[in-house]
Amino acid sequence: MKVGIVGFRGAGKTTIFNALTGLRAQVGGYGDVTRPNLGVIKVPDERIVALADIHRPKKVTYAEISFVDVPGRSEERAALDPATLVQMRDVDALAQVVAAFEDATGERPRPLAQLENFAAELILADLGIVEKRLERLKKEKGKEREQRLLERCHAHLGGERPLRTCAFTPADVSALAGFNLLSRMPLLVLLNVDESAIGTAPPAEVAAWTAARGLELVQVPGRTEMELAELDEADRAAFLADLGIVEPAKNQFIRAAYGLLDLISFLTAGEDECRAWPIRRGTTAVKAAGKIHSDIERGFIRAEVIAFTEFMLHRSEARCREAGKLRLEGKDYVVADGDIIHFRFNV
Ligand SMILES: Nc1nc2c(ncn2[C@@H]2O[C@H](COP(=O)(O)OP(=O)(O)OP(=O)(O)O)[C@@H](O)[C@H]2O)c(=O)[nH]1
Ligand SMILES: [Mg+2]
């Protein structure tokens, strides 16, 4: 699962990328940097900590999310370069960094304008893709279904609405999958604020704008969080307390990204390894098995499932079984968040 950290030039994307990943990519590139930065983070999960405490496994593995910091690149402050748009299409969800800090030139931030311009850029980019495809479809026969679908997209985009707000059937969704339309991707807004804004609510007009569109808004003091990520564990707690930060925005952001991608985790636990596996909500047992190994998917017999909360009450598989809390589930069982699963299979 890949989240793109996107937004206009100088919005603080690389700063926030560094804060999230603990890496030290160059900030203040101002369009000179053209290569995206890549990073992976572990999703904090208290359940894995609790399971490891019981099983004492050799290995503990958390779910991971990858991030791509897509450089702003464009000459113009509020425009997206074609190459940037191409890089953006390669992700599963977008996190737009919006600058709400006063920059070095003393220029006042205009977060609302950034939100509006960015939304318009995504719509324009998608219109371009849809129009090009419709043009080609005119010359092809037997593609009427796709044509009707794209015409509907075209009308929606033409009304300056993102495709996120257009209703699609599952068949439409798979027909559109290959186009990687940007205005259809889940979007999270990261408001990058100054240290002085820590503990304050986001500006009302920004909150209203995102709420009206059903978008999640997370306020991040980017520069501060980047400095925080550069400290070692011992100094970090003191730094947090000093600034009055209850929880680093990093954690809040990771949770939001997880929700944005509609991800849940199932768990595997034993003496060898305790591990969280990210899957999309709605994934069936047999598909979840395939995340571990294709052999387990192919030779699937059944899933033995214990809900995490039940396991914590009884604290062993044997006692869960005695208490009737170990369920036997088939291929089509829809996996729930926190299911501890043992797959039975033959190869
Ligand atoms: N005061 C303040 N400055 C920030 C903050 N976040 C970023 N900056 C500064 O803004 C400038 C741009 O930050 P970057 O993180 O490089 O921005 P970017 O979005 O990656 O820029 P491009 O990759 O060129 O599009 C740098 O000089 C940062 O130090 C912040 O939260 N507060
Ligand atoms: Mg950058």
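A quick note: this is a predicted structure, and the numbers were derived from the prediction, not measured. Note that the numbering runs from 1 along the sequence shown for the chain. Each ligand, and each atom within it, is numbered from 1 in the order the structure gives.
- Of the polar atoms of P221, none of the N or O atoms is found under 3.5 Å from an N or O of ligand 1, judged by distance alone.
- Remark: R148 does not engage E144 in a salt bridge, criterion side-chain N to carboxylate O under 4.0 Å.
- Between R89 and L182, some side-chain heavy-atom pair lies under the 4.5 Å cut-off.
- Under 2.8 Å from the Mg ion (ligand 2) lies an N/O/S atom of T14, whether from backbone or side chain.
- The distance criterion of under 3.5 Å between nitrogen or oxygen atoms is met by K13 with respect to ligand 1.
- Linking Ile, Leu, Val, Met, Phe, Trp and Tyr residues whenever their side-chain heavy atoms come within less than 4.5 Å places V70 and L85 in a single cluster.
- Within the listing of ligand 1, atoms 7 (C), 13 (O), 14 (P), 15 (O), 17 (O), 18 (P), 19 (O) sit less than 4.0 angstrom from a heavy atom of G12.
- Taking every heavy atom of G222 and a limit of under 4.0 angstrom, the matching atoms of ligand 1 come to 31 (O).
- Ligand 1 has no N or O atom lying under 3.5 Å from any N or O atom of Q26, backbone or side chain.
- Other residues, nucleotides and ligands contribute at most 12 non-hydrogen atoms within 6.0 Å of the CZ atom of R145.
- Between the side chains of T268 and W277, a donor-acceptor pair is found at a separation under 3.5 Å.
- Any N or O atom pair closer than 3.5 Å counts here, and G28 shares at least one such pair with ligand 1.
- No N or O atom of V27 sits closer than 3.5 Å to an N or O atom of ligand 1.
- Residues L261 and V218 fall within the same hydrophobic cluster, defined by Ile, Leu, Val, Met, Phe, Trp and Tyr side chains chained together at heavy-atom separations under 4.5 Å.
- Of all the heavy atoms of T15, the ones lying under 4.0 Å from any atom of ligand 1 are found in both the backbone and the side chain.
- The contact set between ligand 1 and R223, taken as ligand atoms under 4.0 Å from a residue heavy atom, comprises 1 (N), 2 (C), 3 (N), 5 (C), 29 (O), 30 (C), 31 (O), 32 (N).
- Across V70, D194, T84, heavy-atom proximity to atom 1 (N) of ligand 1 is greatest for D194.
- The heavy atom nearest to atom 12 (C) of ligand 1, considering only G7, G10, A99, is found in G10.
- Ligand 1 has V193 within reach: a non-hydrogen atom of the residue lies less than 4.0 Å from it.
- No N or O atom of F101 sits closer than 3.5 Å to an N or O atom of ligand 1.
- Contact annotation: the side chain of L263 never approaches that of R281 to less than 4.5 Å [non-hydrogen atoms, C-beta and beyond].
- Between K143 and E140, at least one side-chain N (NZ, or NE/NH1/NH2) sits under 4.0 Å from a carboxylate O, which counts as a salt bridge.
- When all heavy atoms of N192 and V97 are compared, the closest pair comes out as CB-CG1, 4.0 Å.
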